[in-house]
Amino acid sequence: HVGLVDFEIEITLQSIQEAVITTDETGRINSANASACTLLRKPEDRIIDRPLLDMLAFAEIDQRRASRHSLNEVLSFGHSTELPGTPELKFPDSETIYINGRFSALRAASGKIIGSVAVLQDVSMEKRMKEILSYQATHDELTSLINRREFERRLDDLLAKRLPKDDNVLLYLDLDQFKLINDNCGHDAGDQMLRQLTGLLRTRLRGTDTMARLGGGEFAILLLVQGPWNMLAK
């Protein structure tokens, strides 16, 4: 009967889409379902009996420290913990993925902690889609400059945080008779001119300056004055 129960548990674990990994009380892996093998890019025989934290190759040192702390909390005190943020895993072939993760205690019938359970989920697609949507919401598709809404938000933030000693310059540029170019030469020519103008203006700006396309042939530039700033006049 016990063997049948174990078999049913194994079948259930293998059918779960999330990566499920169990460890012993020292943090060494003693089981990993098929989703875990896929997530870690390794067959099961290269995962079993390896330290869990060795298998999770986090890209950032802070993420490694956080995962070590989380696992210690589980194995020492039984506290279930979630990995903070959306940590990034990096593989030998330079591929990276982002995951959500949770560590929980694995207990015997007596209540004693005998290991841990890690439940991991690859959220790379969702994260990158959010980044794409966020970029599209704040940037002009044609020039890749920030758009009017994002420029106004940044300007409001700057005004709210502005110190008395701060000096800033706001430039407004409007291409004269830009509509004639679109009407006489076509929108493709107008778009090409806007891209060329954007590239030219960018060469005259510093990394601390902000440039935006407000719409049509309208642009705005915010110069943060910290020392010499007359680069546009050169």
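No experiment lies behind these values; they were computed from the predicted model shown.
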* Asked: Run the side-chain contact (heavy atoms from CB on, under 4.5 Å) check on Tyr98 and Asp122 step by step: do they pass?
  -> CA-CA 6 Å; Tyr98 295 90; Asp122 184 348; 5.6 Å; no
Within the distance-only criterion (no hydrogens, no angle test), does the side chain of [X] pair as donor or acceptor with the backbone N or O of [Y] below 3.5 angstrom?
{"X": "Asp157", "Y": "Ala160", "answer": "no"}
{"X": "Asn72", "Y": "Arg68", "answer": "yes"}
{"X": "Ser134", "Y": "Lys130", "answer": "no"}

Taking every non-hydrogen atom, the tightest pair across [X] and [Y]:
{"X": "Ala19", "Y": "Leu39", "answer": "CB-CD1, 4.1 Å"}
{"X": "Ile48", "Y": "Ala32", "answer": "CD1-N, 4.2 Å"}
{"X": "Pro87", "Y": "Pro84", "answer": "CD-O, 3.6 Å"}
{"X": "Gly78", "Y": "Ala105", "answer": "CA-CB, 3.8 Å"}

Can you sort out the partners of [X] under side-chain hydrogen bond (donor to acceptor under 3.5 Å, both in side chains), two or more places apart, ordered by chain and number?
{"X": "Arg128", "answer": "Thr96"}
{"X": "Lys179", "answer": "Asp183"}
{"X": "His79", "answer": "Glu73"}

Decide whether [X] and [Y] are clustered together by the hydrophobic rule: side chain heavy atoms of Ile, Leu, Val, Met, Phe, Trp, Tyr closer than 4.5 Å, transitively.
{"X": "Val123", "Y": "Phe103", "result": "no"}
{"X": "Ile97", "Y": "Met129", "result": "no"}
{"X": "Leu159", "Y": "Ile146", "result": "yes"}
{"X": "Tyr135", "Y": "Met211", "result": "no"}

Exercise answer: donor-acceptor pairs, residues 108-119 side-chain atoms, under 3.5 Å, sequence neighbours excluded:
unit_1, atom_1, unit_2, atom_2, d
Ser110, OG, Lys112, N, 3.4
Ser116, OG, Thr23, OG1, 2.6

* Asked: Taking C-beta and beyond as the side chain, do Leu53 and Pro51 meet within less than 4.5 Å on heavy atoms?
  ->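 No; the side chains remain at least 4.5 Å from each other.
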Which donor-acceptor pairs under 3.5 Å do side chains of residues 191-201 form with protein atoms, sequence neighbours excluded?
unit_1, atom_1, unit_2, atom_2, d
Gln192, OE1, Arg195, NH2, 3.4
Thr198, OG1, Leu194, O, 2.8

Mind checking the [atom1]-[atom2] spacing from [X] to [Y]? Nearest 0.5 Å is all I need.
{"X": "Asn184", "Y": "Gln177", "atom1": "CG", "atom2": "CD", "value": "10.0 Å"}
{"X": "Leu223", "Y": "Leu170", "atom1": "CG", "atom2": "CG", "value": "8.5 Å"}
{"X": "Ile21", "Y": "Asn30", "atom1": "CD1", "atom2": "CG", "value": "10.5 Å"}
{"X": "Gln63", "Y": "Ser70", "atom1": "CD", "atom2": "OG", "value": "11.5 Å"}
{"X": "Arg41", "Y": "Leu89", "atom1": "CZ", "atom2": "CG", "value": "9.0 Å"}
{"X": "Leu52", "Y": "Ile29", "atom1": "CG", "atom2": "CD1", "value": "5.0 Å"}

Which donor-acceptor pairs under 3.5 Å do the side chains of residues 213-222 make with protein atoms, sequence neighbours left out?
unit_1, atom_1, unit_2, atom_2, d
Arg213, NE, Gly216, O, 3.0
Arg213, NH1, Asp140, OD1, 3.2
Arg213, NH1, Asp140, OD2, 3.3
Arg213, NH2, Gly216, O, 3.0
Glu218, OE2, Tyr172, OH, 2.4

* CZ (Arg202) with more than 12 external heavy atoms under 6.0 Å ->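 Atom CZ in Arg202 is crowded, with more than 12 foreign heavy atoms closer than 6.0 Å.
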* Asked: Do other residues, nucleotides or ligands put more than 12 heavy atoms under 6.0 Å from the CD1 atom of Ile61?
  ->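 Check fails, neighbour count at 12 or below.
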* Asked: Step by step, would you call Glu95 with Lys90 a salt bridge (Lys or Arg N to Asp or Glu O under 4.0 Å)?
  -> CA-CA 6 Å; Glu95 180 190 4; Lys90 188 172 183 178; over 6 Å; no
Before accepting this row, confirm whether a basic side-chain N of the pair [X]/[Y] lies closer than 4.0 Å to the acidic partner's carboxylate O.
{"X": "Asp62", "Y": "Arg65", "result": "yes"}
{"X": "Glu131", "Y": "Lys127", "result": "yes"}
{"X": "Asp156", "Y": "Arg153", "result": "no"}
{"X": "Glu150", "Y": "Arg154", "result": "yes"}

* What do the steps show when you test Glu18 against Ser35 for side-chain contact (heavy atoms from CB on, under 4.5 Å), and what is the final call? -> CA-CA 6 Å; Glu18 293 178 317; Ser35 295; 6.0 Å; no
* Can the positive tip of Arg64 be found less than 6.0 Å from the middle of the six-membered ring of Phe58, inside 45° of the ring normal? ->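 Negative - Arg64 is either too far from the ring of Phe58 or too far off its axis.
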* To do: Report the residue from Leu56, Asn100, Val20 that forms a side-chain contact (heavy atoms from CB on, under 4.5 Å) with Leu120.
  =>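 So, applying the side-chain contact (heavy atoms from CB on, under 4.5 Å) to Leu120 and each of Leu56, Asn100, Val20, only Leu56 qualifies.
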* To do: Would you please test Cys37 and Ile47 for side-chain contact (heavy atoms from CB on, under 4.5 Å) and show each step?
  => CA-CA 8 Å; Cys37 296; Ile47 296 175; 3.9 Å; yes
